[in-house]
Amino acid sequence: MTSLPSSSDVELAATGTSRAGRRRHPLLRYVGIRLGISVLLLIGVTIVTFVLSNLVPADPVQAALGERAAGDPKIVAAFRAQQGLDKPVVVQYFIYLAHLLQGNLGTSTQTHNPVARDLAVAFPATAELALFVLVFSIVIGLGLGLIAALRHNRLSDQVIRVFSLVGISIPTFWLALAFFYLFFYVLGWAPGTGRLDPATTPPPTVTGMYTVDALLAGQWDTFADALAHLVLPGAVLTLYTVGLLIRFSRSGVLDVLSQDYVKAARAKGLPARAVVFRYILRGALLPILTIVGLAFGSLLSGTVLTEQVFGWGGLGQYAYKSATTLDLPAVMGVGVVVGIVYIAINFAIDVVYGFIDPRVRVQ
Amino acid sequence: MSTDAAAGPGGRRTLRAPAWKRRRRPLLPQQWRRPMAIVGIVVIVFWLVIAVLAPLVAPYDPLAQEFARLAPPSAAHWFGTDVLGRDVLSRTLYGSRISLPLSLILVLASMVIGSVVGAIAGYFGRVVDEVIMRIADLVFAFPTIILAMIVAASLGPSLLNAVIALLVVSWPSYARVMRSLVLSARGQEYVVAGRLLGAGTVRSLGRDILPNVAAPVLVLATLDFGNAILLLSGLSFLGLGAVPPTPEWGAMVSDGVQQFSSWWLAAFPGLAIFTVVVAFNFVGDALRDALDPRTAEAVSEVSV
């Protein structure tokens with residue numbers, strides 16, 4: 001499952017493709033099936049967020065109107081009618097879904113902004129952090145995982161394994177605090193909380209990611225400032241993600257190492273470098289892709305706690321604020337957006353899977 | 001238990017150790033005789049002892065507010081005192097009585113629920129399987145802590161609600177592993193033979209299948225334990241778990257955020273979380289290596 005397609009597999013796939021050329025391309029069929037599953041999952045996500053927000057014991061009417069207005073039955077009835085709360089739950093769900101399809105996520109009861117507008121600010125903030133972390137984590141994590149697997153059971157393997165276990169065992173919120181204390185408070189190397197210095201004006205919004213926007217606008221000072229603010233939260237999350245990636249890539253590469261084609265490549269005297277890059281890494285590509293998807297999910301979880309410490313103002317912090325204040329439209333909005341991102345990434349990975357490994361398509 | 005699993009056909013260990021060597025059971029099973037596993041066990045035993053003996057070991061009452069406020073570590077207060085004048089050392093030691101049992105309950109409950117549900121899905125297949133696994137997929141479609149946070153917030157902050165919220169998000173990994181294990185065990189000759197001899201569903205699952213799938217699930221639980229502690233303390237850190245004045249580690253770290261310059265408030269409870277989690281991960285890692293490759297793969301797919 002994790003191996004590089006052997007020559008017979010490739011032949012099989014090749015004949016499969018030419019045969020299917022008359023009917024339907026297996027890759028298209030495969031992508032279609034994955035797309036269908038993703039759409040079903042998306043609908044599921046909307047149901048889950050809807051049900052969850054309906055299960056809340058606290059009364060949303062009271063939360064939105066305040067105690068005085070909630071005491072007046074006329075106002076309450078008007079509010080319930082306006083929000084569609086007087087209709088059956090199933091109808092309410094479809095109203096919710098219809099609004100969702102129009103990009104209407106409701107109005108936050110706390111910020112009084114449309115949730116969609118709040119999320120449009122929060123989402124790029126988290127995306128910027130997550131992408132920054134992913135790039136570094138993938139390079140470091142996969143590299144160390146590969147080294148550990150190639151030097152299986154030797155000292156470097158043991159050291160890397162311990163490092164990776166330590167990385168996933170440190171509570172991120174604690175590490176965030178420790179880094180902040182050390183590098184900001186004691187040493188004064190790092191800037192304070194937030195995404196920019198209070199004195200710096202944000203660059204004109206294009207993507208919402210300050211580093212990218214600053215570059216696009218050619219504002220080098222703003223870029224440097226945004227980057228400096230990224231470093232600490234980025235480092236905290238990178239340590240955790242690297243720990244995770246080492247574990248997965250190490251076991252992925254170990255799997256490949258025991259495959260016959262790798263043994264054959266070694267036996268016929270190929271130089272070690274060629275074996276690693278042309279055989280092992282290509283064979284381990286699929287498990288590594290899966291890992292990246294997983295890492296992204298855990299990264300989103302990690303940002304909730306880290307953003308809290310660094311006052312990052314991203315999705316994580318927004319989710320936390322709205323969950324603790326029972327701001328239902330905001331909570332549902334976050335749930336849906338995060339669910340969509342998650343499903344979209346897994347869909348993309350599945351598709352790439354299908355491109356790389358012909359065997360996946362026929363299953 | 002795990003030596004049986006290690007001796008699976010094609011397992012690396014079978015090749016290395018001849019049969020006579022394996023039968024002569026050593027004092028410590030092979031997978032325990034590694035420095036990492038031993039360090040892990042020592043740390044876990046240390047914390048278990050602390051949890052049991054906390055009233056005897058702790059120098060002060062964890063809730064007593066009778067000392068100088070925010071005093072740095074000193075001979076009288078090794079870990080200093082907090083903003084209400086409570087002894088941080090005593091609170092950290094008592095914290096083990098909250099995190100350890102609650103995480104244990106959480107892991108056991110999600111293991112039991114997830115395994116039963118997964119076994120049902122794998123054993124009956126078809127519609128039951130589809131429905132159960134799609135629900136599991138849905139839970140997997142949300143990042144753990146965001147879903148747990150939403151559930152915990154709607155239930156209201158309390159440690160019990162935090163455990164329930166985490167239960168909601170953590171059963172599916174057990175269900176997935178159990179399902180795939182039961183799926184492959186279901187077709188084995190001994191299971192089919194049992195069915196032909198007239199064993200019912202419960203007997204077939206409990207007597208024939210369970211003993212053969214227990215080891216990997218237990219390994220997953222060990223690996224999951226550290227994660228459970230991290231999530232539970234994370235929720236408490238966010239104020240969605242333990243309520244004051246409970247000496248919970250995550251909540252204590254969050255006190256440290258308020259009193260930023262008093263580093264000792266957050267440093268020691270955080271260190272406590274870290275040592276426990278890393279110890280369980282060391283042990284779980286060693287145990288996973290002891291599983292045969294096929295079941296190890298099933299475990300790796302769902303666990304960190």
Name the member of [options] that forms the most heavy-atom pairs with chain B at distances under 4.5 Å.
options: A:V341, A:L175, A:V48; answer: A:V48
options: A:L165, A:V166, A:I47; answer: A:L165
options: A:I340, A:I170, A:L299; answer: A:I170

Enter the distance from [X]:[atom1] to [Y]:[atom2] here, rounded to the nearest 0.5 Å.
X: A:T172; Y: B:I145; atom1: OG1; atom2: CD1; answer: 7.5 Å
X: B:I146; Y: A:T303; atom1: CD1; atom2: OG1; answer: 6.0 Å
X: A:T49; Y: B:L147; atom1: OG1; atom2: CG; answer: 10.0 Å
X: B:N281; Y: A:S164; atom1: CG; atom2: OG; answer: 9.0 Å
X: A:R247; Y: B:D285; atom1: CZ; atom2: CG; answer: 4.5 Å
X: A:Y240; Y: B:L230; atom1: OH; atom2: CG; answer: 7.0 Å

Quiz item: By number, which residues in residues 37-45 of chain A have some heavy atom less than 4.5 Å away from chain B?
Solution: A:L41, A:G44, A:V45

Quiz item: Is there a side-chain contact between A:V309 and B:F237, using heavy atoms and a 4.5 Å cut-off?
Solution: yes

Quiz item: Do B:S233 and A:F173 have side chains that get closer than 4.5 Å, going by heavy atoms?
Solution: yes

Quiz item: Is it the backbone or the side chain of A:A319 that comes under 4.5 Å from a heavy atom of chain B, or both, or neither?
Solution: both

Proximal component of [X], with respect to chain A [non-hydrogen, under 4.5 Å]:
X: B:S254; answer: neither
X: B:L238; answer: both
X: B:F282; answer: both
X: B:M149; answer: both

Self-check item: Selection residues 136-145 of chain B - residue pairs positive for side chain to side chain donor-acceptor pair (under 3.5 Å), sequence neighbours left out
Solution: B:R134-B:D137, B:D137-B:R176

Exercise. For B:G234 and A:L305, work out which heavy atoms get closest and say how close.
Key: O-CD2, 3.7 Å

Self-check item: Closest approach of A:Y185 to B:S261 (non-hydrogen atoms, all atoms of both residues)
Solution: OH-CB, 3.0 Å

Quiz item: Who pairs with A:D157 by salt bridge (Lys or Arg N to Asp or Glu O under 4.0 Å), at least two apart in sequence or on another chain?
Solution: A:R250

Donor-acceptor list for residues 263-274 of chain B side chains, cut-off 3.5 Å, not counting sequence neighbours:
from: B:W264; atom 1: NE1; to: B:A71; atom 2: O; distance (Å): 3.3
from: B:W264; atom 1: NE1; to: B:T81; atom 2: O; distance (Å): 3.0

